[in-house]
Number of protein chains: 2
Amino acid sequence: MTRKGMIIVLSGFSGAGKGTIMKNLLKAHPGQYHLSISATTRQKRQGEEDGREYFFKTREEFDQMIADNQLLEYATFNGNSYGTPRSYVEQLVNEGKDVILEIEIQGALQVKKLYPEALLLFVMPPSADALKERLVGRGTETPDVIAQRLAISSKESQYMNGYDYLVINDQIENSVEQVHAIISCEHFKTARNEDTIDMIQKDLKKFEGR
Amino acid sequence: MTRKGMIIVLSGFSGAGKGTIMKNLLKAHPGQYHLSISATTRQKRQGEEDGREYFFKTREEFDQMIADNQLLEYATFNGNSYGTPRSYVEQLVNEGKDVILEIEIQGALQVKKLYPEALLLFVMPPSADALKERLVGRGTETPDVIAQRLAISSKESQYMNGYDYLVINDQIENSVEQVHAIISCEHFKTARNEDTIDMIQKDLKKFEGR
């Protein structure tokens, strides 16, 4: 059974915990998942490294990547653009690897359009109040910014049906293993195993007409 | 998260081990899965009980069930008819339970047509030779019958793409847990959780326009 590589998109509301799920997933299953590194026009922050957190690009370089069709998806927030470099993702998938993109909802839907076989996971909190509590609990945002994020979450929730699976992030350990299980099971889809089906069909032919 | 009941169809080549997977799955996860009991026109064998192995019916009763649209699917083998009673399956699914049907390929495709949300699992051996070895190893069939079954398997393999998932039965314990994992993960599909999505969408509305 040749295991085909997969594009996995993890997104969800701001504060739903997708970053923590990602970090723990990579730690729990080392070498099994590859993280796509985004290109961005935003300024490098202290402690960040080009090619680790992001590929840092000038506006001109970023626009050129768009023009050259080098980005799988891209979107702009607060004047900064973010995008997923196509070549890196496609190379890994062709090598049979699973690549995870942690991106926003608009980008996720762009990816699904381009690669219908991409696996879209939506991380959500158990309730709206739980989402608010987490944003407040972080203590990093003003009440205004939190209110704005919650309003955006409500808008974003209209796109949840475009995803393949829901991950209700109640207990982080459960969510991490749920994401891992979903990806593992998806590898057994008939649509992802046409080579195996073709192989057994040809192999069984020898028993016909005896 | 209200868990919706699911119709799960397990089929595959004769000798692929689907019966053993079923038996072990029910034992490993007691109370979690419900087995659909087929109606049949074949004679009751010694030790069998009506309503346990099968619902034993006369030809007239069986034909009446077909006429009354009481069967989800049915098929005839060696002059005996077998079918899945609809009411029992639908009742369990409506109660949120997972019902497993161990049926032949033609019946499986009938079920998928009627219930597109049914989950179809195809059990296959690692290779054609492995299938032959298992049929021979059973020691219960003549070489002629084995040759006939293998020829049928080749024909049946043309329908594998109509299934949702492949289960390559190499190690029985692995296959049992794979089936369990696939079913568990399927419950997180967005398409199976429209109530949950609806709930969070409505819940988040309160954060809009503040």
Side-chain angles (χ1 to χ4, degrees), chain A residues 1 13 120-122 124-132 144 146-158 160-168 170 178-194 196-210, chain B residues 1 13 120-122 124-132 144 146-158 160-168 170 178-194 196-210:
Chain A
M1 193 165 175
F13 308 128
L120 267 56
L121 310 183
F122 195 93
M124 64 174 269
S127 71
D129 287 337
L131 185 64
K132 185 175 178 178
D144 262 10
I146 291 172
Q148 198 185 345
R149 294 221 169 155
L150 290 169
I152 290 173
S153 293
S154 181
K155 297 249 156 52
E156 288 179 335
S157 73
Q158 302 309 312
M160 290 172 72
N161 291 301
Y163 282 71
D164 297 299
Y165 289 91
L166 284 188
V167 179
I168 300 181
D170 201 353
Q178 190 187 325
V179 168
H180 177 63
I182 290 170
I183 298 169
S184 306
C185 286
E186 271 286 315
H187 277 288
F188 297 110
K189 274 269 175 77
T190 52
R192 299 186 192 278
N193 289 285
E194 286 170 355
T196 304
I197 292 176
D198 200 49
M199 178 274 288
I200 194 84
Q201 284 172 340
K202 285 193 175 127
D203 199 5
L204 285 164
K205 274 258 181 279
K206 64 186 172 196
F207 297 131
E208 278 194 44
R210 286 205 174 168
Chain B
M1 193 165 176
F13 308 128
L120 266 57
L121 310 183
F122 194 93
M124 63 174 269
S127 69
D129 286 337
L131 185 65
K132 186 176 177 176
D144 263 11
I146 291 172
Q148 198 187 344
R149 294 220 168 155
L150 290 170
I152 291 172
S153 294
S154 181
K155 297 250 156 53
E156 289 179 334
S157 73
Q158 303 309 312
M160 290 171 72
N161 290 300
Y163 282 71
D164 296 300
Y165 290 91
L166 284 188
V167 177
I168 300 183
D170 200 353
Q178 189 186 324
V179 168
H180 177 62
I182 289 170
I183 298 168
S184 306
C185 286
E186 272 287 316
H187 277 289
F188 297 109
K189 274 268 177 75
T190 52
R192 299 186 192 278
N193 289 284
E194 285 169 355
T196 303
I197 292 176
D198 201 48
M199 178 274 288
I200 193 86
Q201 284 172 342
K202 285 194 175 127
D203 200 4
L204 285 165
K205 274 259 183 280
K206 63 185 171 196
F207 296 132
E208 279 193 43
R210 288 209 173 165

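Each chain gets a letter, A, B and so on, in the order the sequences are listed, and its residues count up from 1.
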Original post:
Looking at B:A128, B:S127, B:A191, which one has more heavy-atom pairs under 4.5 Å with chain A than the rest?
Top reply: B:A128
Original post:
What distance do B:Q158 atom CD and A:I197 atom CD1 have between them, rounded to the nearest 0.5 Å?
Top reply: 10.5 Å
Original post:
Rounded to the nearest 0.5 Å, how far does SG of B:C185 lie from CG of A:D164?
Top reply: 12.5 Å
**OP:** With a 4.5 angstrom heavy-atom cut-off, could you sort out which part of B:M160 is near chain A: side chain, backbone, both or neither?
**Re:** both
Subject >> Listed partners of A:Y165 passing ring-ring contact (aromatic ring centres under 6.0 Å, His included), at least two apart >> reply: none
Original post:
Can you check salt bridge (Lys or Arg N to Asp or Glu O under 4.0 Å) on B:D129 and A:K206, steps first, answer last?
Top reply: CA-CA 10 Å; B:D129 286 337; A:K206 64 186 172 196; 3.0 Å; yes
**OP:** Give, as side chain, backbone, both or neither, the part of B:L121 having an atom under 4.5 angstrom from any heavy atom of chain A.
**Re:** neither
Original post:
How would you list, by chain and number, every residue that makes a side-chain hydrogen bond (donor to acceptor under 3.5 Å, both in side chains) with B:D170, sequence neighbours excluded?
Top reply: none
Original post:
What residue in B:Q178, B:Q148, B:K205, B:K202 has the most heavy-atom pairs under 4.5 Å with chain A?
Top reply: B:Q178
**OP:** Could you look at B:K155 and say if it's the side chain, the backbone, both or neither that has a heavy atom under 4.5 Å from chain A?
**Re:** both
Original post:
Which heavy atom in A:T190 sits nearest to a heavy atom in B:Y163, and how many Å separate them?
Top reply: OG1-O, 2.6 Å
Original post:
chain A: which of B:L131, B:L120, B:L150 shares the most heavy-atom pairs with it under 4.5 Å?
Top reply: B:L150
**OP:** Would you confirm whether A:S157, through its side chain, and A:S154, through its main-chain N or O, come within 3.5 Å as a donor-acceptor pair?
**Re:** yes
Original post:
Is it the side chain or the backbone of B:N161 that comes within 4.5 Å of chain A heavy atoms, both, or neither?
Top reply: both
Original post:
Heavy-atom distance under 4.5 Å to chain B: side chain of A:I152, backbone, both or neither?
Top reply: neither
**OP:** Measure distances from B:F122 to the heavy atoms of chain A and classify the residue's part below 4.5 Å as side chain, backbone, both or neither.
**Re:** neither
Subject >> Portion of A:E156 that has a non-hydrogen atom of chain B nearer than 4.5 angstrom >> reply: neither
